[in-house]
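Structure record follows, encoded as structure tokens.
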Amino acid sequence: MASVIEAYRDEKGNLHHEPSSAIIADIAAALGRVGDEGGLTEGVARLILEKRAAIEKAFGDLDRLEGNSLTVIDVSDHLRVQSISA
């Protein structure tokens, strides 16, 4: 008898039982082949998903640092003062 199931489709149209599995497949596809046999790609994609918060923070930092709101200073204007020892 037919029944209804919940599935998640990745960008290639493949079905997955878990949303994380579909996302890992999409990340792996975006990375392309990693390593000689291509076997590392899924592991790297899984690691990227696991480290998502740290990666998003790093990209946020990059966006902030590359933004136009930075104040650039000339370090020669702020030379370190050396203390005089007795």
Side-chain angles (χ1 to χ4, degrees):
M1 176 184 261
S3 62
V4 175
I5 63 166
E6 184 174 353
Y8 303 88
R9 186 177 9 225
D10 63 26
E11 292 290 328
K12 289 184 177 179
N14 299 318
L15 297 179
H16 301 268
H17 294 289
E18 302 290 328
S20 61
S21 179
I23 297 301
I24 288 169
D26 289 341
I27 293 171
L31 290 172
R33 186 174 165 152
V34 177
D36 291 337
E37 300 299 319
L40 295 175
T41 306
E42 183 181 340
V44 171
R46 189 172 301 278
L47 186 60
I48 288 170
L49 189 62
E50 289 172 6
K51 303 293 183 177
R52 176 182 176 177
I55 292 169
E56 286 179 346
K57 181 186 179 307
F59 277 116
D61 291 347
L62 178 64
D63 291 343
R64 181 179 49 79
L65 292 171
E66 288 181 337
N68 293 331
S69 61
L70 295 177
T71 303
V72 178
I73 62 169
D74 183 355
V75 292
S76 64
D77 292 341
H78 301 280
L79 295 176
R80 186 172 150 183
V81 178
Q82 296 180 350
S83 61
I84 301 172
S85 56

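In this chain, numbering begins with 1 at the start of the sequence shown.
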Cluster overlap L47 with F59, hydrophobic side-chain contacts below 4.5 Å: no

ILVMFWY cluster, I55 and I27 together (side-chain gap under 4.5 Å): yes

Criterion side chain to side chain contact (heavy atoms under 4.5 Å, CB included) against I24, the qualifying member of E50, R46, E18, H16: R46

Heavy-atom closest contact (A22 atom, D10 atom, distance): O-CB, 3.7 Å

Separation between CG of L49 and NZ of K51, rounded to the nearest 0.5 Å: 12.0 Å

Over all atoms of both residues, closest heavy-atom pair of T41 and A28: CG2-O, 3.2 Å

Which atom of E11 lies closest to which atom of D26, heavy atoms considered: N-OD1, 2.7 Å

Stepwise side chain to side chain contact (heavy atoms under 4.5 Å, CB included) check, I48 with L31: CA-CA 11 Å; I48 288 170; L31 290 172; 4.0 Å; yes

